[in-house]
Amino acid sequence: MGRPRHWLFKSDPEEFSVEDLKAAPGRTACWDGVRNYQARNFLREEIGEGDRVLFYHSRRRPSIVGVARVVRAGYPDHTAMDPQNPHFDPRSTPENPLWYMVDIRLEAVFKEPLPLSLLRTIPELKTMALLRKGNRLSVQPVTPKEFEMILLLARNTPERTVER
DNA sequence: GCCAACGTTGGC
DNA sequence: GCCAACGTTGGC
């Protein structure tokens, strides 16, 4: 498959929000703490520099809140090797890292989040992995068409213009 | 706060 | 290798 590819990253905003990414140096942060093998495989093998990312807030007000760009492809997640870190995993070592992360840079925050409830009403998004029942994957692929539709929704409504 | 869905663990 | 028990995710 060609580049860029498209992804959706979930985050509990109480842990790490799109505003946290906006406030980070260079609007760039590493996407650490992923401890699921399927998501790990995407981070380690599939996601490349230049890929595009939808930033999703889970929980309180589930919604897509912005877009980001992958600026560094998969490399070992150092938080897994830090005993002080809540995501520490003693099975992961520098010689044989178990968990991976990528770096992303924020490109835009939507002025109004696109809530899950709205996304469910869009026929073109019916097939989105995010909308499938019981889906818990925190890093998931998005089709180019789905991605474009999300950006269209973010732009089209006047109060949903994209803030740079 | 509830609970369904899911992933992981571990006894056998 | 099966599967029950358990812990976690995450929408509602």
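Quick note: numbers below take in every heavy atom, side chains included, and nothing from hydrogens, waters or symmetry partners. Every value quoted in this text rests on a predicted model; they were computed, and no experiment measured them. So that the names make sense, note that chain A is the first sequence line, chain B the second, and so on, each numbered from 1.
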ILVMFWY cluster, A:Trp31 and A:Met81 together (side-chain gap under 4.5 Å): no
Atom pair distance, as rounded to whole Å: CZ in A:Arg61 and C1' in C:dC12: 15 Å
Interatomic distance, A:Leu116 CG vs C:dG11 P [rounded to whole Å]: 6 Å
Candidate pair A:Trp99 and A:Tyr37, rule ring pair (Phe, Tyr, Trp, His ring centres under 6.0 Å), full reasoning: CA-CA 8 Å; A:Trp99 303 113; A:Tyr37 287 105; 4.8 Å; yes
A:Arg105 atom CZ: more than 12 heavy-atom contacts under 6.0 Å: no
Phosphate-side-chain proximity, A:Lys133 and B:dA4, N/O vs OP1/OP2 below 4.0 Å: no
Electrostatic pair A:Glu107:A:Arg52 at N-O distance under 4.0 angstrom: yes
Side-chain donor-acceptor pair present, A:Tyr75, A:Asp103, cut-off under 3.5 Å: yes
Whichever of A:Asn135 and A:Arg60 has its nearest DNA chain B nucleotide further upstream toward 5': A:Arg60
Integer-rounded Å distance: C:dC12 P and A:Asp12 CG: 16 Å
Atom pair distance, as rounded to whole Å: CG in A:Leu119 and C1' in C:dC12: 16 Å
Whole-Å gap separating P (C:dG11) and NE2 (A:His57): 12 Å
Do any N or O atoms of the protein come closer than 3.5 Å to N or O atoms of nucleotides 7-9 of chain B, and which pairs are they?
none

Separation of C:dG10 C1' from A:Arg120 CZ (nearest whole Å): 11 Å
Shared hydrophobic cluster for A:Met101 and A:Val139 (ILVMFWY, side-chain gaps under 4.5 Å): no
